[in-house]
Amino acid sequence: MKKVVIALSVLALLTSCVSKKKYAALEAKNKETQDLLNTATVKLNSCLEEKAGLTARVEGLKEQNQGLISTSKDLTMLTAKGAENLEKSLESLKEKDLKISRLQDALTRKDSVTLAVVTSLKSVVGLNDEDIEINVEKGVVFISISDKMLFKTGSYNVTDRAKSVLAKVAKVVNDKPDFECMVEGHTDNVPYIGNGVLLDNWDLSVKRSTSIIRVLTNELGVKPEQLVAAGRSSYVPLVPNTSAENRAKNRRTRILVLPKIDQFYDMVEKEMKKQK
């Protein structure tokens, strides 16, 4: 009996020792598992925070992308409108360039026309004198003759030398029977002093005009109905009346050839053909 009790005691003791070892092992395993769980929990929380940050960033990028898409559409519309406006501007510039080119061509033709007409008249008149000027202004051909070739100072009697010049002018007028011609007298600003019917420079300028007209009609065969008498006194000077030389330039007679516009261009066309 005593042996039995001793055996049971030994067995109980052995059983108690095994349980404590298992417990300790389980306790250690549990602690390790808990540590792993804590570490996993920390990593999970970090991942969740990172996920939340990435999710917020993705949403921000989505909004930004949407904004870019909207901006891109606006830019596309603006670009299309800008391209349209640019095309219109280019068309406008082309039109302006064309107008400028046409104006330049017109001016070039005008200069050529002026030269052609002046050359033609000079060839008819056959004069090369600084006191005689032939030009074209606004479709009007004029022959300007210094008064020292036509009259003596303060006189309206035509000189013999002037008649040879007027004979050539008459040839121009007679060659254009459908044209009108205005004979326009000009004086300087020195007041006219003389006896007789003339009162002032107005009278003198007109009287000189009518004197030339009488020579053209009575002696050189120009038709009276082609001629117009006019006087401008001293009120349309070429240069200021500040010296004897300038006053001499202002004393002049202009013979204006006044064609109708179609007649003028017909004359121009003929002269241009001669130059080809």
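When reading the values below, keep in mind they use all heavy atoms of this one structure, side chains included, and skip hydrogens, waters and symmetry mates.
Put simply, CG on D175 and NZ on K171 are 4.5 Å apart, with the number rounded to the nearest 0.5 Å. Taking CD of E133 as the reference point, atom CD1 of I145 lies at 11.5 Å (rounded to 0.5 Å).
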Test side chain to side chain contact (heavy atoms under 4.5 Å, CB included) on K163 and V215 and set out the steps. CA-CA 8 Å; K163 292 180 181 180; V215 172; 4.2 Å; yes

Working for side chain to side chain contact (heavy atoms under 4.5 Å, CB included), residues I143 and R254: CA-CA 6 Å; I143 304 168; R254 291 208 318 173; over 6 Å; no

Under the side chain to side chain contact (heavy atoms under 4.5 Å, CB included) criterion, do S144 and R252 qualify, and how do the steps go? CA-CA 7 Å; S144 183; R252 67 201 186 279; 3.9 Å; yes

Does the side chain to side chain contact (heavy atoms under 4.5 Å, CB included) test come out yes or no for K207 and T210, once each step is laid out? CA-CA 5 Å; K207 188 62 177 175; T210 56; 3.8 Å; yes

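Within the 4.5 Å cutoff, the side chain of E245 has no heavy atoms near those of the R247 side chain. Taking 4.5 Å as the limit, some side-chain heavy atom of R232 sits within range of a side-chain heavy atom of E184. A 4.5 Å side-chain heavy-atom check between T217 and K223 finds every atom pair outside the cut-off. Contact of the C181 side chain with the V257 side chain is registered, since non-hydrogen atoms from C-beta on lie closer than 4.5 Å. Side-chain atoms of F142 and I255, non-hydrogen and from C-beta on, never get closer than 4.5 Å to each other.
Cluster membership check: V228 shares its hydrophobic cluster with L256, using side-chain heavy-atom separations under 4.5 Å among Ile, Leu, Val, Met, Phe, Trp and Tyr. By the criterion of side-chain heavy atoms lying less than 4.5 angstrom apart, applied directly or through intervening Ile, Leu, Val, Met, Phe, Trp or Tyr residues, V183 is grouped together with M149 in one hydrophobic cluster.
Contact detail for S155 and L204: the closest heavy-atom pair is O-CD1, 4.2 Å. Of all heavy-atom pairs spanning V222 and N174, the tightest one is CA-OD1, 3.5 Å. Of all the heavy atoms in L220 and A170, the pair that sits closest is CB-CB, 3.7 Å. Considering all non-hydrogen atoms of both residues, S209 and A229 come closest at OG-CA, 3.4 Å. For the residue pair L216 and L166, the shortest heavy atom distance occurs at CD2-O, 3.7 Å. Pairing each heavy atom of G231 with each of S205, the nearest pair is CA-OG, 3.4 Å.
Each of D188, N241, T187, N189 was compared with N250 under the side chain to side chain donor-acceptor pair (under 3.5 Å) criterion, and only N241 meets it. A side chain to side chain contact (heavy atoms under 4.5 Å, CB included) with L198 holds for exactly one of V206, D203, I193; it is D203.
Under the 3.5 Å distance criterion, with hydrogens and angles disregarded, a donor-acceptor pair is assigned to the side chains of T253 and D147.
Cation-pi check for R208 over Y156 is not met; the charged atom does not lie both under 6.0 angstrom from the ring centroid and within 45 degrees of its normal.
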